[in-house]
Amino acid sequence: MFRRHKLSSLEHKRDVSTHGPSLPHNDMRSFFSLSQLVLSAGHLKPPPVLRHSKTTYFEVEILDAHSKKQICVVDKIPPSSTLLDVKHKFHKVCPQWSPSRIGLRLERNGSYLRDSVNIKALAASSIITLYFTDMGQQVSWTTVFLTEYTGPLLIYLLFYLRLLSIYDAKESARSLRHPVVHLACFCHCLHYTRHLLETLFVHKISEGHTPLKNMIKGCTFYWGFTSWLAYYINHPQYTPPSFGNKQVTISALVFLLCEAGNHFINVALVHQNQSGNKGSFPSPSINPFTWLFLFVSCPNYTYEIGSWMSFTVMTQTLPVGVFALLMAIQMAQWARKKHQLYLKKGTTYRWRKRAMIPFIL
């Protein structure tokens with residue numbers, strides 16, 4: 001027994017010398033139990049639970065506006081989508097209709113919805129029913145304006161240069177042109193050149209489209225009247241105005257003033273739209289051409305009619321007078337509609353009594 005006890009004491013000394021002092025038995029047991037508890041429990045802080053947000057998608061049922069038959073169903077439409085997104089998906093299902101010629105309405109006889117309308121604003125449930133109408137071939141508004149204004153510019157120059165075989169060659173060679181003919185060509189070209197430049201660099205034209213037939217109607221009107229008035233003004237037998245140079249000079253100055261006023265009004269309207277406060281009416285500035293805002297709602301139409309009225313007096317030609325009269329009727333209708341919209345926006349605008357002509361219309 002003594003030898004065994006002695007041997008055990010030697011082994012104990014060897015363990016102490018190699019591993020250092022040993023922990024008490026109870027402490028070792030507690031440390032072992034704590035270690036097992038930590039290992040079995042895993043992470044001290046459980047990972048966050050990932051919660052997936054439930055997104056409600058819409059289904060758009062598209063029916064034919066005439067027969068009420070279902071054309072297709074466009075599904076999985078996110079709430080943030082616009083009607084233009086629906087048109088693009090509709091085009092993928094039915095490639096024969098491009099997005100520009102797709103007209104969608106909530107009711108068969110209702111108004112067409114704008115492309116910028118949010119699909120969520122139309123939804124009474126998860127299924128939305130829309131009525132489809134083929135709008136026909138469409139063109140952009142920029143194309144419409146550039147085509148309508150380029151045509152009169154070129155057509156008038158063809159008559160002025162007499163490149164068309166519509167006048168007698170011998171009579172054209174013998175007759176001398178009155179100075180008003182050259183002045184009329186300059187004023188006419190200036191008018192449509194201004195329109196073209198403003199279309200490209202001033203106006204903020206909508207990205208929407210219009211049916212091709214509307215552009216054909218506009219081109220027929222502008223191009224046809226330009227041919228008519230250019231034929232008479234540049235005719236070899238054209239007679240100058242009755243009151244001579246005084247009539248031509250005064251009317252030419254009025255024409256130039258109206259052209260300048262029209263340009264400055266268009267610039268002021270663009271700046272007003274860019275300011276973001278579309279509810280406010282444009283106010284006059286230090287520029288005297290903008291002071292017409294104090295009296296009428298649409299001074300750009302006022303200056304436009306002034307240009308054509310002065311051009312009529314300058315050339316003293318019936319076709320120009322008929323064209324100016326038709327333009328005045330059309331612009332008066334547009335001005336009245338805009339005037340009514342301004343009146344609905346607030347009572348502070350009511351003191352402006354007229355739409356286009358001060359104290360009259």
Side-chain angles (χ1 to χ4, degrees), residues 141-161 177-203 205 215 217-235 238 240-241 247-270 287 289-290 292 296 298-332 334-335 356-357:
W141 283 108
T142 302
T143 303
V144 172
F145 294 138
L146 292 179
T147 305
E148 288 180 350
Y149 299 147
T150 303
L153 181 64
L154 298 178
I155 290 173
Y156 196 97
L157 288 175
L158 290 177
F159 282 90
Y160 174 75
L161 299 175
R177 299 190 187 188
H178 193 274
V180 69
V181 176
H182 304 291
L183 182 60
C185 180
F186 170 78
C187 292
H188 191 275
C189 293
L190 176 65
H191 178 78
Y192 283 102
T193 301
R194 178 184 61 81
H195 273 302
L196 290 172
L197 294 176
E198 288 179 351
T199 301
L200 293 173
F201 304 109
V202 177
H203 295 298
I205 301 175
M215 188 183 75
K217 291 179 182 178
C219 290
T220 302
F221 178 78
Y222 283 102
W223 295 15
F225 267 102
T226 300
S227 301
W228 189 24
L229 62 89
Y231 173 82
Y232 282 97
I233 295 175
N234 297 284
H235 199 281
Y238 169 77
Q247 178 179 344
V248 173
T249 303
I250 295 176
S251 56
L253 291 176
V254 175
F255 177 88
L256 295 176
L257 290 175
C258 290
E259 288 294 303
N262 202 338
H263 172 71
F264 288 118
I265 292 297
N266 289 332
V267 172
L269 291 174
V270 171
N287 189 342
F289 290 103
T290 63
L292 200 56
V296 295
C298 303
N300 52 330
Y301 295 156
T302 308
Y303 284 121
E304 183 77 11
I305 297 304
S307 295
W308 285 112
M309 294 297 294
S310 59
F311 192 78
T312 303
V313 176
M314 181 178 62
T315 58
Q316 197 172 307
T317 309
L318 178 63
V320 183
V322 175
F323 179 74
L325 177 62
L326 295 179
M327 289 288 290
I329 295 174
Q330 179 63 74
M331 290 188 177
W334 293 341
M356 188 176 70
I357 302 176

*Are side-chain heavy atoms of E304 and H195 found at a separation under 4.5 Å?*
yes
_Separation between CD1 of I265 and CG of N287, rounded to the nearest 0.5 Å_ = 8.0 Å
*Chi angles and distances behind the side chain to side chain contact (heavy atoms under 4.5 Å, CB included) call for Y222, Y192*: CA-CA 11 Å; Y222 283 102; Y192 283 102; 3.8 Å; yes
*Look at the side chain of N262 and the backbone N and O of C258, then say whether any donor-acceptor pair between them is shorter than 3.5 Å.*
no
*Around M331, counting heavy atoms of other residues, nucleotides and ligands shown, do more than 12 lie under 6.0 Å from its CE?*
yes
*Would a 4.5 Å heavy-atom cut-off, applied to side chains only, mark F289 and Y303 as touching?*
yes
*asked:* Using modelled atom types and a 3.5 Å cut-off, is there a donor and acceptor pairing between side-chain atoms of H178 and backbone atoms of V180?
replied: yes
*According to the interplanar angle, ranging from 0 to 90°, do the rings of F255 and F311 count as parallel (below 30°), tilted (30 to 60°) or perpendicular (above 60°)?*
tilted
_Has Q247 got a side-chain atom pairing as donor or acceptor with V313's backbone, closer than 3.5 angstrom?_
yes
*Taking the side chain as every heavy atom from C-beta outward, state whether F225 and V322 have any pair of such atoms under 4.5 Å apart.*
yes
For a quick test of your reading: what N or O donor-acceptor pairs under 3.5 Å do the side chains of residues 227-235 make, sequence neighbours left out?
residue: S227; atom: OG; partner: W223; partner atom: O; Å: 2.9
residue: N234; atom: ND2; partner: A230; partner atom: O; Å: 2.8
residue: H235; atom: ND1; partner: Q237; partner atom: N; Å: 3.0

*Walk me through it: do T312 and L325 pass the test side chain to side chain contact (heavy atoms under 4.5 Å, CB included)?*
CA-CA 10 Å; T312 303; L325 177 62; over 6 Å; no
*So do the side chains of H191 and W308 get within less than 4.5 Å of each other, counting heavy atoms only?*
yes
*Which of these passes side chain to side chain contact (heavy atoms under 4.5 Å, CB included) with V202: L269, L197, V267?*
V267
Only distances under 3.5 Å count here; give the side-chain donor-acceptor pairs of residues 181-189 to other protein atoms, sequence neighbours excluded, each with its distance to 0.1 Å.
residue: H182; atom: ND1; partner: Y160; partner atom: OH; Å: 2.6

*Check against side chain to side chain contact (heavy atoms under 4.5 Å, CB included), I357 and V296*: CA-CA 7 Å; I357 302 176; V296 295; 5.6 Å; no
*How close do M314 and A252 get, heavy atom to heavy atom, and via which atoms?*
SD-CB, 3.9 Å
_C298 to A335 - nearest heavy-atom pair and separation_ = SG-CA, 3.8 Å
_Straight-line distance of Y156 OH to L161 CG, nearest 0.5 Å_ = 11.0 Å
*Between CG of N300 and CZ of F264, what distance do you get to the nearest 0.5 Å?*
14.5 Å
*Only one of L190, T226, T193 passes side chain to side chain contact (heavy atoms under 4.5 Å, CB included) with L153; say which it is.*
T193
*What residue pairs, at least two apart or across chains, pass side chain to side chain donor-acceptor pair (under 3.5 Å) with a residue in residues 143-155?*
S140-T143
